[in-house]
Amino acid sequence: MVNLFRELGLDVETAVALEQELNRLPERTRQVFLLRAQGYTQEETGQRTGVSARSVRKHLEKCRKVPFVVRFCPKIRTYIGAVSYTHLT
């Protein structure tokens, strides 16, 4: 995972910390996050993981609740979906 995050422009320390936070999430949620971070659409992510697009959105909501993602990874936020984070910064 760290290599993916590095490709997205995160420094090594942030990439490692993000990986640690994501490892605390359920496996399916983590899979959804990683596919979205690689640029797959919600529909494509659902097809690859065997869940509906609606379920993909629910998994992404779990990711959006991880404080580290919200506060320190603005580049990643764009990959998991457009949401206003201004109230958290």
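Computation of the quantities below employed the complete heavy-atom set of this structure, encompassing side-chain atoms and omitting hydrogens, waters and symmetry-equivalent molecules. Not measured: the values here are computed from a predicted model.
Every side-chain contact (heavy atoms from CB on, under 4.5 Å) that Arg54 has, sequence neighbours left out, goes to Ser52, Arg57, Lys58.
Across Ala53 and Gln42, no two heavy atoms sit closer than the pair O-OE1, 4.1 Å. Closest approach of Glu44 to Gly39, counting heavy atoms only: OE1-O, 4.4 Å.
Remark: Glu19 CD to Asn3 CG distance equals 9.0 Å, nearest 0.5 Å.
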Walk me through whether Val56 and Glu43 qualify under side chain to side chain contact (heavy atoms under 4.5 Å, CB included).
CA-CA 8 Å; Val56 168; Glu43 291 77 19; over 6 Å; no
Could you pull out every donor-acceptor pair under 3.5 Å between side chains of residues 27-34 and any protein atom, sequence neighbours left out?
from: Glu27; atom 1: OE1; to: Arg30; atom 2: NH2; distance (Å): 2.4
from: Arg28; atom 1: NH1; to: Thr49; atom 2: O; distance (Å): 2.1
from: Thr29; atom 1: OG1; to: His59; atom 2: ND1; distance (Å): 2.8
from: Arg30; atom 1: NH1; to: Leu22; atom 2: O; distance (Å): 3.2
from: Arg30; atom 1: NH1; to: Asn23; atom 2: O; distance (Å): 3.4
from: Arg30; atom 1: NH1; to: Leu25; atom 2: O; distance (Å): 2.9

